[in-house]
Every structure is written in structure tokens, then in C-alpha cells.
2 protein chains.
Amino acid sequence: MQKIEKLLESKNIRVTAMRLLIYKFLAEKQIAVTLSDIENAFEKADRTTLYRTVKTFEEKDIVHQIDDGTGITKYALCENGCNCEIERDLHLHFHCNNCNETVCLTEHKIPQIKVPDGFVSENVNLVVKGICDKCSGQ
Amino acid sequence: MQKIEKLLESKNIRVTAMRLLIYKFLAEKQIAVTLSDIENAFEKADRTTLYRTVKTFEEKDIVHQIDDGTGITKYALCENGCNCEIERDLHLHFHCNNCNETVCLTEHKIPQIKVPDGFVSENVNLVVKGICDKCSGQ
DNA sequence: AATATCAATGCAATGGAAGTGCAATTACTG
DNA sequence: CAGTAATTGCACTTCCATTGCATTGATATT
């Protein structure tokens, strides 16, 4: 618990009750969550606060944004080998068409993508869609 | 010009002036366009009509949708080796962070993506971001 | 401990994109 | 040419993202 406070301090953002709660919520979830998910979990809090908290986390590389093609932005903690700061580009996400959940497959590296001459690759967003392990009955 | 009519007929959708114009517009553009782009090009026409026309094209595999991470859905014609019908999944798109344009790199194949056991991959969306050939001064 | 300062929060409102219902119009069929 | 079905235009709604401003809360200084 102290660990979260240390983390926030190391990122130079103030430690508040709200931020601790939201961080904990994200940490408990193993999947990427939408703002609505967070809203539902903290009905007492204001949407804007949650929004700005997540945005702050994003700026400070505490969470990263995921665009899984559902049209709704999702967020997930930058840990478990995510290494946003170092290789902030190689995001591999899996979106389940059945349960609609999106998970980060951080342990699976993205193969090198070749682009034509004249193009400069700075960043890769890769979303694989299909059926996740839970839904495939496995 | 007759070619477009033939195409529409072969897809079993009616040939209308609107559809011919929108198709021509998409064909002229070498990049993926948003609904707003189309709106700006056809200011006399109604948003809804344009929206539904594109949706119809999408259903009939005349255009495909692109989610390049800008949060706004883009569309591009399914030609030049796109082969939506056959391998409707292997979309490689390049989004330029400078000019904000998105192009289809259909000639560049996506390498095989491995997913963990229990996950079933049905579909892959890959967007590479960076600087395009026009903007790199090349 | 009181206060000044700046950040964080809550409320209200806005904007943009996506989507729907319905009436009017247009295209095809016989 | 009439009838049917699809297409178009208008109005409206919904949902998510975002901003302005006043208020509350936290940190630093005295």
C-alpha cells in the first residue's frame, strides 16, 4: 500500500485518496478498463475527476491507453513488463470478441514490422481479436 | 466510370448518383478518409446519407474500416490487393504523426502473430505510426 | 498553528462522432 | 404508368471525451 504512495511521489504527483483508490482498482483488474468501468466502481466520485486522474496517470507513464477497436478508449497499468518508458511503442493487446475484454500480452513480443522506404516507424499499435483463454473453454 | 456502376451492380446495391460520387471520391484519395472528410467534400449532401452510404459500402466489402488510433473511424477502398473478402484480417496501416494521414500498406504483409495457449486469433489490426514518405522529405 | 499558494476535485456545460426514426423522394418492377 | 422497395434528408438522441470555473483540499512558509 505504501508502495503506491512511493510510486506516485516518484512521479511527482500528489498522493490523494482518489488516486490511491483508482490505482488499486486498476491493479486488481487484470484487464484494460474503460472510463465507464471506473465510473461504475466509484459511483460517489465525479466523472471528471476520474477522467483527469487517469489522464494524469497516463502522462506520468503509470497507465497506458489502449485502442482496441471497440471505439472506447481503455486503460491499463504499465507494469508486469510493460516498460512504457523504455519501449513505449510495442503494445500487443488481445481483444476478446466474446467477453469484450481486452488484455495486455506483454510477454509476447511483436515481430519487427517493415515499412516501405521513406516511411519512418516510431510506434506500433497491434490489436489481435479473437477468443480469449477464458472464453475458449480452455 | 461504367466500371463503378458494374461494381455496384455486382454487389447488388443500387446505382445512385450519390454512391457514384462517393466512390469516385474515395478512389481519388490515396489515403483513408473520415466521415468528416467526405462531409466536407459533399457539403450539399446530408451527413446521414454519407454515413449510410459508407456503411453500405462496408457491408458489401467495397470499403474497409480503419481504426488508426486517432479515435475517429476512417475508411478506404478495398482495392489494390486489399483482398478483404479473402483475408479480411490482415490490415497494415500507416498513420503519419505529421500530416495526420493514414495510408494502406497493402503490399506489406503482416508477420505471423503468436498468441498464448488458449487464445484464438481471428483478426489482427496493426497500425504503425511515424512519419510518412511525403513528410520525411524523401 | 495560521496562512498563502497551488493542485485536485466537483459541477455544469460543450463538442464531436455515431447512430436511429420517420417522412419524402427516388429508383426499379411489372 | 402505377406500385413497391430502397434511398435520401431532416430532426433528434446517445455516448464518450473534454473544458471552464468555483470550491475544496494539500503542501510550504512564516
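For the numbers below, each heavy atom of this structure counts, side chains included, while hydrogens, waters and symmetry mates do not. All values reported here derive from a predicted model rather than from experimental measurement. By convention in this document, chain letters (A, B, ...) are assigned in the order of the sequence lines, proteins followed by strands, and residues within each chain are numbered from 1.
Residues satisfying the salt bridge (Lys or Arg N to Asp or Glu O under 4.0 Å) criterion with Arg52(A), sequence neighbours excluded, are absent altogether. For Phe57(A), the ring pair (Phe, Tyr, Trp, His ring centres under 6.0 Å) criterion is met by no residue, not counting sequence neighbours. Checked against salt bridge (Lys or Arg N to Asp or Glu O under 4.0 Å), Lys55(B) has the following partners two or more places apart in sequence or in another chain: Glu58(B). Contacts of Phe25(A) classified as side chain to side chain contact (heavy atoms under 4.5 Å, CB included), with partners at least two apart in sequence or in another chain: Lys29(A), Val33(A), Ile38(A), Ala41(A), Phe42(A). Taking the side chain to side chain contact (heavy atoms under 4.5 Å, CB included) definition, one finds that Glu9(A) meets it with Val15(A), sequence neighbours left out. The salt bridge (Lys or Arg N to Asp or Glu O under 4.0 Å) search around Lys74(A) returns Asp68(A), not counting sequence neighbours. Legend: residues meeting side chain to side chain contact (heavy atoms under 4.5 Å, CB included) with Val103(A), ordered by chain and number and at least two apart, are Ile31(A), Phe94(A), Leu105(A), Phe119(B).
The separation between Leu20(B) atom CG and dT8(D) atom C1' is 15 Å, rounded to whole Å. Rounding to whole angstrom units, CG of residue Asp37(A) and P of dA17(D) are separated by 11 Å. Per the geometry, NZ belonging to Lys74(A) stands 14 Å off C1' belonging to dC16(D), to the nearest Å. The CD-P distance, from Glu59(A) to dT18(D), rounds to 12 Å in whole Å. Counting to the nearest Å, the C1' atom of dA13(C) and the CG atom of Asp46(A) are 12 Å from each other. Atom C1' of nucleotide dT9(C) and atom NZ of Lys44(A) are separated by 15 Å, given to the nearest angstrom. Protein atom CD of Gln65(B) is 12 Å distant from nucleotide atom C1' of dA17(C), rounded to whole Å. In this structure, Asn40(B) places its CG atom 13 Å from C1' of dG16(C), rounding to the nearest Å.
For dG10(C), the OP1/OP2 oxygens have a side-chain nitrogen or oxygen of Thr49(A) closer than 4.0 Å. A close approach under 4.0 Å does not occur between any side-chain nitrogen or oxygen of Thr53(B) and OP1 or OP2 of dT7(D).
For Glu39(B) and Arg47(B), the salt-bridge test passes: some basic side-chain N is under 4.0 Å from an acidic carboxylate O.
Using a 4.0 Å cut-off on heavy atoms, none of the residues of residues 97-104 of chain B approach DNA chain D.
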For nucleotides 18-20 of chain C, list the nitrogen or oxygen atoms of the protein found under 3.5 Å from its nitrogen or oxygen atoms, one pair per line.
residue: dA18(C); atom: OP1; partner: Thr73(B); partner atom: OG1; Å: 3.3
residue: dG19(C); atom: OP2; partner: Tyr51(B); partner atom: OH; Å: 2.6
residue: dG19(C); atom: O5'; partner: Tyr51(B); partner atom: OH; Å: 2.9

Scan nucleotides 24-29 of chain C against the protein and return all N/O pairs shorter than 3.5 Å with their distances rounded to 0.1 Å.
none

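Ile66(A) belongs to no hydrophobic cluster, as no Ile, Leu, Val, Met, Phe, Trp or Tyr side chain comes under 4.5 Å of its own. The hydrophobic cluster around Val127(A) extends to none of the other residues, as no ILVMFWY side-chain heavy atom falls under 4.5 Å of it.
Within 4.0 Å (heavy atoms only), Thr56(B) reaches no atom of the nucleic acid at all.
Looking at Lys11(B), its side chain does come within 3.5 Å of a backbone N or O of Lys60(B) through a donor-acceptor pair.
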